[in-house]
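Every number for a ligand or one of its atoms is a count from 1 in the order of the listing. All values below come from the heavy atoms of this structure, side chains included, with hydrogens, waters and symmetry mates left out.
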Amino acid sequence: MALYTATVYSKINGAQPLFATRSRTNKRAAPVIKMTQLSAGGSRHVASFEEGQLERPRWTGETPLSRLVAALISFKPLYSLMKLGARQVLISTAERTNIPWREMTKEILESDVYKEMESIQNPSLVYPDYYLKPFHAYDEGNLSWLAAAEAEAATMSMVRRAIPNAASLDEANQTVRGNWLQAIEQHHLQYSGNSTIEDILDVGCSVGVSTRFLSDKFPSAKVTGLDLSPYFLAVAQYKEKQNAPRNNQIRWIHANGEATGLPSKSFHLVSLAYVLHECPARAIVGLVKEAFRLLQPGGTIALTDNSPKSKILQELSPVLFTLMKSTEPFLDEYYLLDLEKTVKEAGFENVQINLTDPRHRTVTGTVPLPP
Ligand SMILES: C[S@@+](CC[C@H](N)C(=O)[O-])C[C@H]1O[C@@H](n2cnc3c(N)ncnc32)[C@H](O)[C@@H]1O
């Protein structure tokens, strides 16, 4: 039986829950999880994280609808149009919510970011096949400066889409990033046998947005961001240099999260935020197994990504899900994989699934402590 908890916190760091209603159900009727949320000005409004009726959206997996979409996408001339359409939707949605996509991109592309490449890139890294395919409407996937320059605006846009009624990006982040961080902290407190989080690995850190949130939340921890794209890491390092120095400087590593080469049992927390839906099932299994190897006994894994049960995702319009699928080649594999089972089979215990915002779940688990 899945247990979903919806909780909203007043601030991202160190905040206390304001109000939470717990829903424990697998029944067919769609459970509505209501909560009270503080808006930026301090007033309360009610939002809800609602589960749909299905195990996963109809537009994913092996359904006739999913096959029809796949057939449309595989028709080359149509695919080229969809790719353009998907890009336009992303940029215009971002700019409608005051995310200055084009300015942010221009600023990075006209900066000294290129100088970071030499110190970041591991020239002997062998990329997995899936990573060399076109992706997110970029022909070179994540291996390009344009993809790297647009990544932060795309991340902001994802957060705004998750909480469309939020008055600002900060307010949306309070829910999306705040609840994710709180789920991690609570899980670790509850199951880690009093170990504090001192070493954190953020696998699939992209341009470092999740890495910075983790470092802000756990300021006494050493934080490492790891990614397959040296372009994204170059932006992460460049942006971090623009910020005020931290007590614990973030370390950036260019590696494959499935085989990091880092020492076993060297982290208290391994986080993968919005990485898994971009990977084929075999890579998801590899990433989870490597996280298990890297964690100390009592260490916590945290996987946050699209929730197959999200009502909003289940009810996405055909135009939106078709455009999305045209640029996300592994969505079907992600939605079909039983992530809870994958995490348990890797050896984790105390596996919890929290619907941390209307679109996303956070799955947490613990490496067993010695008896
Ligand atoms: C959507 S981005 C992550 C966003 C970021 N974690 C955040 O929350 O802001 C997904 C990232 O996963 C990375 N990635 C995909 N497969 C990977 C792998 N096997 N090892 C390391 N990084 C990987 C991609 O390069 C990309 O930067």
| query | How long is the gap from CG on Asp112 to CD on Glu110, to the nearest 0.5 Å? | reply | 11.5 Å
| Inter-residue atom distance Asp199.CG - Lys265.NZ, 0.5 Å rounding | 15.5 Å
| query | Can you tell me which residue and heavy atom of the protein come closest to atom 26 (C) of ligand 1, and the distance to 0.1 Å? | reply | Asp227 OD2, 3.5 Å
| request: Answer side chain, backbone, both or neither: which part of Thr155 comes under 4.0 Å from ligand 1, heavy atoms only. | output: side chain
| task | Note the single closest protein heavy atom to atom 24 (C) of ligand 1, along with its residue, its atom name and the distance in Å. | result | Asn142 ND2, 3.4 Å
| request: Could you find the nearest protein heavy atom to atom 16 (N) of ligand 1 and give me its residue, atom name and distance? | output: Tyr130 OH, 2.8 Å
| Yes or no on ring-ring contact (aromatic ring centres under 6.0 Å, His included) for Tyr335 and Trp59, after CA distance, side-chain angles and deciding distance? | CA-CA 10 Å; Tyr335 279 104; Trp59 46 266; 5.6 Å; yes
| query | Can you hop from Met117 to Leu146 via hydrophobic side chains spaced under 4.5 Å? | reply | yes
| remark: for atom 9 (O) of ligand 1, nearest protein heavy atom and its distance come out as Arg177 NH2, 3.0 Å
| Any N or O on Glu258 sitting closer than 3.5 Å to an N or O of ligand 1? | no
| query | Going by the order shown, which atoms of ligand 1 are within less than 4.0 Å of some heavy atom of Tyr131? | reply | 15 (C), 24 (C), 25 (O)
| message | Heavy atom to atom 6 (N) of ligand 1, shortest distance: which of Gly204, Ser206, Gly141 holds it? | response | Gly204
| note | When distances are taken from atom 10 (C) of ligand 1, the protein heavy atom at minimum range is Glu278 OE1, 3.3 Å
| note | Looking only at protein heavy atoms, what sits closest to atom 20 (N) of ligand 1 is Gly257 N, 2.8 Å
| Is it true that a side-chain atom of His277 and a backbone atom of Tyr334 form a donor plus acceptor pair closer than 3.5 Å? | no
| query | Between the candidates Cys279, Ala273, Pro128, Ala147, which shows the shortest non-hydrogen contact distance to atom 4 (C) of ligand 1? | reply | Ala273
| message | Need the ligand 1 atom indices (1-based, order shown) with element for anything under 4.0 Å from a heavy-atom of Val275. | response | 12 (O)
| query | Is the closest heavy-atom distance from Glu290 to ligand 1 below 4.0 Å? | reply | no
| For atom CD of Gln242, is the number of surrounding heavy atoms from other residues, nucleotides or ligands below 6.0 Å larger than 12? | yes
| query | Polar-atom distance check: Ser229 versus ligand 1, any N or O pair below 3.5 Å? | reply | no
| said: Please say yes or no: joined through hydrophobic side-chain contacts below 4.5 Å, possibly via intermediate residues, are Leu169 and Ile163 part of one cluster? | reply: yes
| request: Could you tell me the separation between the CZ atom of Phe213 and the CH2 atom of Trp180, rounded to the nearest 0.5 Å? | output: 7.5 Å
| query | Taking only residues two or more places apart in sequence or in another chain, which ones pass salt bridge (charged side-chain N to carboxylate O under 4.0 Å, His left out) with Glu345? | reply | Lys341
| note | Looking only at protein heavy atoms, what sits closest to atom 22 (N) of ligand 1 is Leu228 N, 3.4 Å
| Under 4.0 Å from any heavy atom of Val209, which atoms of ligand 1 are there? | 9 (O)
| query | Short list, please: which atoms of ligand 1 are under 4.0 Å from a heavy atom of Asn256? | reply | 18 (C), 19 (N), 20 (N)
| Phe213 heavy atom under 4.0 Å from ligand 1 | no
| field | Least distance between heavy atoms, Ile250 atom then Ser215 atom | value | CD1-CB, 4.1 Å
| Distance, nearest 0.5 Å, that separates CD1 of Ile184 from OG1 of Thr304 | 8.0 Å
| note | Note: ligand 1 atoms sitting under 4.0 Å from heavy atoms of Phe232 are 27 (O)
| said: Taking distance alone, with N or O pairs closer than 3.5 Å, would you say Leu226 contacts ligand 1? | reply: no
| message | Can you name the atoms of ligand 1, numbered from 1 with element, that are less than 4.0 Å from a heavy atom of Ser210? | response | 5 (C), 6 (N), 7 (C), 8 (O), 9 (O)
| query | Is there a nitrogen or oxygen of Asp202 sitting under 3.5 Å from a nitrogen or oxygen of ligand 1? | reply | no
| Are Arg67 and Glu62 within salt-bridge range, i.e. N to O under 4.0 Å? | yes
| task | Spell out, as yes or no, whether a donor-acceptor pair under 3.5 Å connects the side chain of Thr366 to the backbone of Pro368. | result | no
